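Since the structure comes first, as structure tokens, the remarks are kept for the end.
What you are looking at is a predicted structure, and each value in this text was computed from that prediction instead of being measured.
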Amino acid sequence: GINAEYGAMMGQYPGFDQSVCKAVKLRHVERGSVVATMTVSRELTNAYGGLHGGCSATIVDIIGTVAVCSTLTPPGVSIDINCSYLSSAKVGDEVEIRATCLKNGRRLAFADVEIRRTRDARLIAVGRHTKAL
């Protein structure tokens with residue numbers, strides 16, 4: 001199904017983001033919208049034992065791209081990613097990731113991504129991702 005198709009897309013590029021791609025599980029993909037989950041592992045944490053900010057930004061990049069691609073658009077290239085960190089998730093915590101393609105134009109696409117701790121729905125991070133198509 002569509003989840004398998006996008007799951008395969010996430011795993012096809014070697015490189016730095018593969019530890020995040022392996023950890024993220026796509027739960028639902030529909031046109032312009034993605035829901036995924038991830039359990040925080042030690043390799044994805046910072047010196048304080050919380051989800052690393054770079055990992056959160058990588059999630060915004062990867063899952064924001066899946067949201068854009070779900071509108072039947074090629075992935076393009078990132079031209080802006082921002083991430084605001086509001087709380088923390090620790091090793092063993094599951095987080096839910098929700099991404100929405102806000103707009104898909106001729107040359108640019110915009111995605112909004114939220115990362116929440118599953119057990120209490122606490123907002124961990126929010127991000128915006130702009131892609132040149």
Side-chain angles (χ1 to χ4, degrees):
I2 193 165
N3 288 353
E5 177 183 332
Y6 288 105
M9 179 187 83
M10 284 174 42
Q12 73 181 348
Y13 302 107
F16 146 90
D17 54 359
Q18 282 308 295
S19 59
V20 177
C21 287
K22 289 176 187 172
V24 171
K25 307 291 184 234
L26 293 178
R27 300 302 180 190
H28 184 76
V29 179
E30 64 182 43
R31 189 176 180 98
S33 178
V34 178
V35 178
T37 58
M38 182 186 83
T39 300
V40 178
S41 64
R42 183 152 316 282
E43 69 178 354
L44 302 177
T45 60
N46 58 28
Y48 302 104
L51 181 63
H52 195 288
C55 180
S56 296
T58 300
I59 289 169
V60 170
D61 184 2
I62 294 166
I63 303 303
T65 297
V66 174
V68 168
C69 290
S70 72
T71 64
L72 307 177
T73 300
V77 296
S78 300
I79 60 170
D80 184 59
I81 296 175
N82 71 65
C83 201
S84 297
Y85 307 100
L86 302 140
S87 191
S88 181
K90 303 288 185 189
V91 172
D93 283 346
E94 182 183 69
V95 295
E96 181 181 74
I97 305 142
R98 291 186 174 267
T100 305
C101 182
L102 301 173
K103 180 179 181 190
N104 190 340
R106 289 184 322 188
R107 295 193 175 135
L108 296 175
F110 303 86
D112 186 55
V113 181
E114 287 189 351
I115 303 170
R116 291 184 179 271
R117 195 168 49 211
T118 305
R119 69 178 150 84
D120 58 5
R122 185 175 194 114
L123 194 56
I124 304 300
V126 293
R128 281 276 170 93
H129 190 189
T130 306
K131 309 231 17 158
L133 306 175

Over all heavy atoms of both residues, which pair between [X] and [Y] is shortest? Give the atoms and the distance, please.
| X | Y | answer |
| --- | --- | --- |
| Ile79 | Ala132 | CG2-CB, 3.7 Å |
| Val60 | Cys83 | CG2-SG, 4.0 Å |
| Arg27 | Thr37 | NE-OG1, 2.8 Å |
| Asp61 | Thr65 | O-OG1, 2.7 Å |
| Ile124 | Ser88 | CD1-O, 3.2 Å |
| Val95 | Ala89 | CG1-CB, 3.9 Å |

Quick check: do [X] and [Y] have side-chain heavy atoms less than 4.5 Å from each other?
| X | Y | value |
| --- | --- | --- |
| Arg31 | Leu72 | yes |
| Val24 | Ile63 | yes |
| Cys21 | Gln18 | yes |
| Met38 | Leu51 | yes |
| Ile97 | Val34 | no |
| His129 | Val68 | no |
| His52 | Thr45 | no |

Taking [Y] as the starting point, is it possible to reach [X] by hopping between hydrophobic residues whose side chains are less than 4.5 Å apart?
| X | Y | answer |
| --- | --- | --- |
| Tyr85 | Val20 | no |
| Leu108 | Leu102 | yes |
| Ile59 | Ile81 | yes |

Item checked: Arg119, CZ atom: more than 12 neighbouring heavy atoms under 6.0 Å ->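 Atom CZ in Arg119 is crowded, with more than 12 foreign heavy atoms closer than 6.0 Å.
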Flag, side chain of [X] to backbone of [Y], donor-acceptor distance under 3.5 Å:
| X | Y | answer |
| --- | --- | --- |
| Thr130 | Phe110 | no |
| Thr118 | Glu94 | yes |
| Ser33 | Thr100 | no |

Checklist line | Electrostatic pair Lys90-Asp93, nearest N-O below 4.0 angstrom | finding: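 So Lys90 does not pair with Asp93 through a salt bridge.
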Note to self: Checking side chain to side chain donor-acceptor pair (under 3.5 Å) between Asp120 and each of Arg116, Arg122, Arg117, which is the one that passes?
What the structure shows: Arg117
Next item on the list: Going by the side chain to side chain donor-acceptor pair (under 3.5 Å) test, name the single residue among Asp80, Asn82, Asp112 that passes it with Arg128.
Entry: Asp112
From [X] atom [atom1] to [Y] atom [atom2], the distance as rounded to the nearest 0.5 Å:
| X | Y | atom1 | atom2 | result |
| --- | --- | --- | --- | --- |
| Arg98 | His28 | CZ | NE2 | 9.0 Å |
| Cys69 | Asn104 | SG | CG | 9.5 Å |
| Cys101 | Lys131 | SG | NZ | 10.5 Å |

